[in-house]
Asker: 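Have a look at the structure that comes next, please.
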Amino acid sequence: MHVETMLDRIEHGTFPNPRIALWPTVQGTCLVLIEAAGFAASTLLTVLGLPLFVFLFLAGWDLGLLFAQLGNLADHYASAEGPARIAFSRDLQLAFLVLAGGFTLLRLPAFIRRLCSKLDREMPHD
């Protein structure tokens with residue numbers, strides 16, 4: 001485009017009316033939301049399943065021993081005083097948040113690469 005034509009458009013306010021492609025925007029938003037929900041669900045399920053794996057590993061894959069250990073832990077929790085229960089609960093919550101956050105940060109670069117490649121492959125470019 002020539003500079004005179006551009007200056008004329010600026011001076012007289014005649015700009016082309018850009019159209020936002022609504023359908024591809026909705027499709028892209030849905031794709032991102034679905035992928036993000038899958039990422040969050042798989043991360044949380046992995047983090048929640050990790051203690052079960054560790055306890056089963058420590059019990060030698062014996063479910064009877066696993067439930068005996070969990071029963072022992074439950075008995076200790078039930079007989080503990082209030083402040084000790086609160087401290088244990090806070091420690092457990094903190095451990096879950098740290099583990100979930102760390103695992104999310106570890107998986108995030110691969111998720112972003114996968115999402116970008118899906119958006120490039122499935123969304124039309126103008």
Asker: Same cluster for V32 and L108 if Ile/Leu/Val/Met/Phe/Trp/Tyr side chains link at under 4.5 Å?
Answerer: yes
Asker: Mind listing the closest non-hydrogen atom pair of A59 and Q69 along with its distance?
Answerer: CB-OE1, 4.2 Å
Asker: Nearest 0.5 Å, what's the CD-OG1 distance between Q27 and T29?
Answerer: 10.0 Å
Asker: Measuring from atom CG of L65 to atom CG of L70, what distance do you get when rounded to the nearest 0.5 angstrom?
Answerer: 10.0 Å
Asker: Look at the aromatic rings of F57 and W61 and report parallel, tilted or perpendicular, splitting at 30° and 60°.
Answerer: perpendicular
Asker: Quick one: do L106 and L97 end up in the same hydrophobic cluster if we chain Ile, Leu, Val, Met, Phe, Trp and Tyr together by side-chain heavy atoms under 4.5 Å apart?
Answerer: yes
Asker: Heavy atoms, side chains only, cut-off 4.5 Å: are L58 and L66 in contact?
Answerer: no
Asker: Is it the case that one hydrophobic cluster holds both L48 and L99, taking links as side-chain heavy atoms less than 4.5 Å apart, direct or via other members?
Answerer: yes
Asker: Could you grab the distance from atom CD1 of I112 to atom CG of L119, nearest 0.5 Å is fine?
Answerer: 11.5 Å
Asker: With sequence neighbours left out, write down each residue that passes ring pair (Phe, Tyr, Trp, His ring centres under 6.0 Å) with W23, or none if nothing qualifies.
Answerer: none
Asker: About how many Å separate CG of L115 and CD1 of I34, when rounded to the nearest 0.5 Å?
Answerer: 11.5 Å
Asker: Please answer: with hydrophobic residues joined when any side-chain heavy atoms are less than 4.5 Å apart, are L45 and V47 in the same cluster?
Answerer: no
Asker: Can you name the residues that form a side chain to side chain donor-acceptor pair (under 3.5 Å) with E35, not counting sequence neighbours?
Answerer: K118
Asker: Got a sec, which hydrophobics cluster with L94, joining ILVMFWY side chains under 4.5 Å apart, including via others?
Answerer: V98
Asker: Within a strict 4.5 Å, meaning less than it, do heavy atoms of the S89 and R85 side chains meet?
Answerer: no
Asker: Sequence neighbours left out, what pairs pass ring-ring contact (aromatic ring centres under 6.0 Å, His included) with at least one residue falling in residues 93-118?
Answerer: F39-F111
Asker: How would you list, by chain and number, every residue that makes a side chain to side chain donor-acceptor pair (under 3.5 Å) with S42, sequence neighbours excluded?
Answerer: R107
Asker: Please assess L63 against L56 for the test side chain to side chain contact (heavy atoms under 4.5 Å, CB included), listing each intermediate value before the final yes or no.
Answerer: CA-CA 7 Å; L63 285 179; L56 273 172; 3.6 Å; yes
Asker: Quick test of your reading: applying ring-ring contact (aromatic ring centres under 6.0 Å, His included), list the pairs with at least one residue in residues 63-93, sequence neighbours left out, ordered by first then second residue.
Answerer: Y77-F88
